[in-house]
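Numbers restart at 1 for each chain; the letters A, B, ... are given by sequence-line order, proteins then strands.
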2 protein chains.
Amino acid sequence: MATMQDVARLAQVSVSTVSYVLTGTRPISQATRNKVLAAMAELDYQPNAMARGLASRRSRILGLLMPMDERGLGATETAFVTGAAAAASVAGYHLVLSPVGGGNLDDLRRLASQRMLDGVVLMEVQLADERVTVLQEAGVPLVLIGRTGDTSTLSYVDIDFDQTVREAVAHLVGLGHRQIVYVNHSAATLASGYGPALRTRDAFTAAMTGHGLDPVMIAAEDSAAGGRAALAAAFAQAPELTAVLAMNETAIFGILGELAGRGLSVPHDVSVVSMVTSPQVAELATPALTAMTSPGSALGRIAIEALTRHLDGPTDLLHQQLLPCALEIRGSTAAPRRPALVTSGPSSSDGG
Amino acid sequence: MATMQDVARLAQVSVSTVSYVLTGTRPISQATRNKVLAAMAELDYQPNAMARGLASRRSRILGLLMPMDERGLGATETAFVTGAAAAASVAGYHLVLSPVGGGNLDDLRRLASQRMLDGVVLMEVQLADERVTVLQEAGVPLVLIGRTGDTSTLSYVDIDFDQTVREAVAHLVGLGHRQIVYVNHSAATLASGYGPALRTRDAFTAAMTGHGLDPVMIAAEDSAAGGRAALAAAFAQAPELTAVLAMNETAIFGILGELAGRGLSVPHDVSVVSMVTSPQVAELATPALTAMTSPGSALGRIAIEALTRHLDGPTDLLHQQLLPCALEIRGSTAAPRRPALVTSGPSSSDGG
DNA sequence: GAACCTCGTCGAAGCGTTTCGACGAAGCGA
DNA sequence: TCGCTTCGTCGAAACGCTTCGACGAGGTTC
């Protein structure tokens with residue numbers, strides 16, 4: 001383990017000169033720089049992260065705080081992580097993933113106060129999220145993936161749920177569907193103030209109303225059984241339904257199973273669109289699901305970029321950005337077999 | 001940000017005394033300890049992780065190195081992570097997840113040499129894994145989840161593939177199945193020396209042979225399409241097959257789709273067992289899959305415990321442990337409708 | 001009662017960086 | 001030529017902690 005001292009001695013310069021070569025905080029002549037670089041190479045020198053952190057009061061570590069609950073990361077969340085890690089690496093930071101759930105707020109407070117994290121990206125943000133308060137009190141720079149209710153003082157990147165839902169509905173309506181049911185997360189999740197669930201609910205209502213259609217939403221537990229139950233409820237509320245739009249990635253497999261069980265084929269009897277879904281998951285189903293693909297890795301990347309920009313050049317600007325999901329048409333949507341009576345709008349009347 | 005100085009001053013003791021209270025490295029009288037503790041509480045003191053790391057030459061950070069590839073973490077890998085994170089927290093360490101894939105060996109070398117990681121847990125180990133060499137050269141304590149080919153000098157925790165496969169086969173044979181096909185990972189994965197694929201292949205051969213049965217293995221691409229192709233190949237090689245055992249969690253959805261497409265019902269025409277699978281994924285299918293549930297979080301926990309034990313008390317003992325997956329019977333296995341002719345062994349002849 | 005421990009505490013020397021003030025050596029305008 | 005910057009470098013003081021040697025005070029042991 002060579003230290004800066006060793007490098008300085010070998011290069012016959014002072015320690016500070018070596019430091020300046022490394023950090024570029026002061027100009028160094030080309031000749032000296034070369035001597036130092038050569039010495040570093042010869043000694044296989046690596047700066048000690050702890051010493052650097054202590055002296056500079058910046059750890060060059062970023063935290064990605066993700067509540068890792070029982071059911072694990074979907075491919076969407078994984079994409080956040082990989083995107084974020086790659087961006088952090090580019091910016092010269094390390095990324096610490098920390099599974100700080102709702103419960104251990106003290107853990108979080110400790111983590112934040114230990115000066116080990118230069119900044120933090122928060123995932124799975126609730127509309128009212130105590131973690132935000134804790135981190136702000138600890139003075140840790142913060143970027144959210146997702147949004148709290150009051151976004152006026154925070155930087156965030158989030159999915160543009162409004163546009164995503166609008167596009168999904170437009171796709172179905174364009175195919176001729178009139179009775180579309182939206183399967184959301186559970187009632188409990190809605191009640192807990194989970195942003196995506198609430199925002200998509202509102203967006204769905206708006207989009208359907210805009211088409212002159214009746215918005216029917218079902219809250220489903222996050223399980224295959226929940227999906228099955230949701231489909232039963234959907235048929236009860238909307239017997240003529242020809243399409244299902246589902247936010248609940250887990251429930252959707254139950255929905256598909258239940259449709260098969262009722263002898264209904266996808267997409268001919270019922271079309272299915274999965275929202276905020278990764279291609280990997282969409283391909284698991286048979287037929288592969290038409291889905292709104294989440295911009296997962298882009299979200300992670302942008303969040304980290306916003307954070308590092310804030311850390312490296314202390315701009316006080318907030319970064320607030322929404323990214324829509326992209327419609328990827330696969331095998332689970334088609335024109336309805338018996339298109340509902342056209343009650344308004346110029347929807348096509350093909351299909352049979 | 002109160003420092004140790006502040007605490008010492010307020011408690012009217014020396015800085016070193018405060019340190020001893022914190023670390024317990026020297027005895028401190030109860031009276032003094034109380035004074036110090038009170039001062040800490042009053043100042044809301046949090047030790048500075050960087051300073052501590054520099055002085056003690058231990059960062060109290062552990063790395064979990066996981067190759068995060070395109071298709072993301074399954075619930076199984078996620079369980080590793082949560083188990084490891086929880087155990088690390090208990091042992092007073094932080095966990096850094098680092099997406100160090102195969103390519104960036106230099107990144108890894110840098111990470112290891114910066115003295116930022118006290119120790120490392122390596123996931124998704126190949127039989128010949130360069131990362132192991134790099135870390136050993138850098139002198140970083142190491143525990144594997146998985147195994148390299150030569151395990152003589154390394155600590156590891158891994159799934160007991162041999163027993164897992166044996167149990168799965170025994171379950172199917174016990175139900176009366178004789179023609180069982182094993183769907184493994186892809187040929188490319190096998191060729192790359194991926195331990196689980198190779199070990200399960202051998203274990204399957206051994207288990208089937210032990211029952212006097214013919215082992216048929218199919219290598220399937222990690223996709224739904226790969227699963228469909230695999231099933232076709234399986235029927236080509238073993239037309240009488242009544243059961244499928246699948247290691248390939250992704251392919252299994254294709255297999256199920258293809259079975260449905262052929263009008264074969266699960267489990268009555270064909271039984272399906274999924275290996276090394278999380279309950280969450282098993283429940284996604286309809287019917288829910290009988291599966292060998294991987295001891296995911298236990299693996300992560302045990303790996304971290306072995307690592308911290310090694311770090312805190314420098315035992316030179318290696319920790320080498322295998323954990324079997326647990327058979328969880330759900331809806332995808334049953335006695336075959338027409339059990340194959342009993343050719344040997346005392347299998348029951350019920351079912352019809 | 002001398003010699004020797006052990007216990008609890010202190011002061012000071014690091015740990016390996018960054019960063020600040022200083023200072024010759026040039027370079028430049030007047 | 002004189003004062004003035006600017007450039008490149010140096011030495012030393014942090015940064016906030018751990019850890020080592022030392023040292024009184026109080027017990028034991030013979």
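Remark: C1' of C:dG16 and CZ of B:Arg52 are 19 Å apart, rounded to the nearest angstrom. The interatomic distance linking A:Arg26 (CZ) with D:dC10 (P) rounds to 12 Å, in whole Å. Spacing between atom CZ of B:Arg9 and atom P of D:dC17 amounts to 12 Å, rounded to whole angstrom units. In this structure, A:Ile28 atom CD1 and C:dT19 atom P are separated by 14 Å, rounded to whole Å. A:Gln114 has its CD atom 16 Å from the C1' atom of D:dC15, to the nearest Å. Counting to the nearest Å, the P atom of C:dT17 and the CZ atom of B:Arg115 are 12 Å from each other. What separates CZ of A:Arg33 from C1' of D:dC7 is a distance of 13 Å, to the nearest Å. Note: CE (A:Met4) to P (C:dT17) measures 6 Å, nearest angstrom.
With hydrogens and angles ignored, the 3.5 Å screen pairs no side-chain donor or acceptor of A:Ser297 with any backbone N or O of A:Gly83. At least one donor-acceptor pair closer than 3.5 Å links the side chain of A:Ser59 to the backbone N or O of A:Met116.
Positionally, the nearest nucleotide of DNA chain D for A:Ala31 lies more toward the 5' end than for the other of B:Ala55 and A:Ala31. For B:Gln30 and A:Ser56, each mapped to the nucleotide of DNA chain C holding its nearest heavy atom, the one lying further toward the 5' end belongs to B:Gln30. Comparing B:Gln12 and B:Arg57 by the nucleotide of DNA chain C that holds the closest heavy atom to each, the one mapping nearer the 5' end is B:Gln12.
Proximity of B:Ser19 to the phosphate of D:dC17: no side-chain N or O atom is located under 4.0 Å from OP1 or OP2. In terms of phosphate contacts, B:Thr17 brings a side-chain nitrogen or oxygen within less than 4.0 Å of OP1 or OP2 of C:dC10. Remark: B:Tyr20 is not in phosphate contact with C:dG11, judged by side-chain N or O atoms under 4.0 Å from OP1 or OP2.
In the interface, the side chain of A:Ser29 is not paired with the base of D:dG8 through any donor and acceptor atom under 3.5 Å apart. Side-chain atoms of A:Ser14 stay outside donor-acceptor range of the base of D:dG11, with no qualifying N/O pair under 3.5 Å.
Screening residues 48-68 of chain B for salt bridge (charged side-chain N to carboxylate O under 4.0 Å, His left out), with sequence neighbours left out, gives B:Arg58-B:Asp118, B:Arg58-B:Asp312.
If you check every strand for non-hydrogen atoms under 4.0 Å, B:Val18 touches nothing. At the heavy-atom level, A:Thr3 lies under 4.0 Å from the strands shown only through sugar-phosphate atoms.
Side chain of A:Asn48, nearest nucleotide from C:dG16, C:dG8, D:dC17: C:dG16.
Around the CD atom of B:Gln12, the shell of radius 6.0 Å holds no more than 12 heavy atoms that belong to other residues, nucleotides or ligands. In this structure, A:Gln136 places its CD atom where more than 12 heavy-atom neighbours from other residues, nucleotides or ligands lie under 6.0 Å away.
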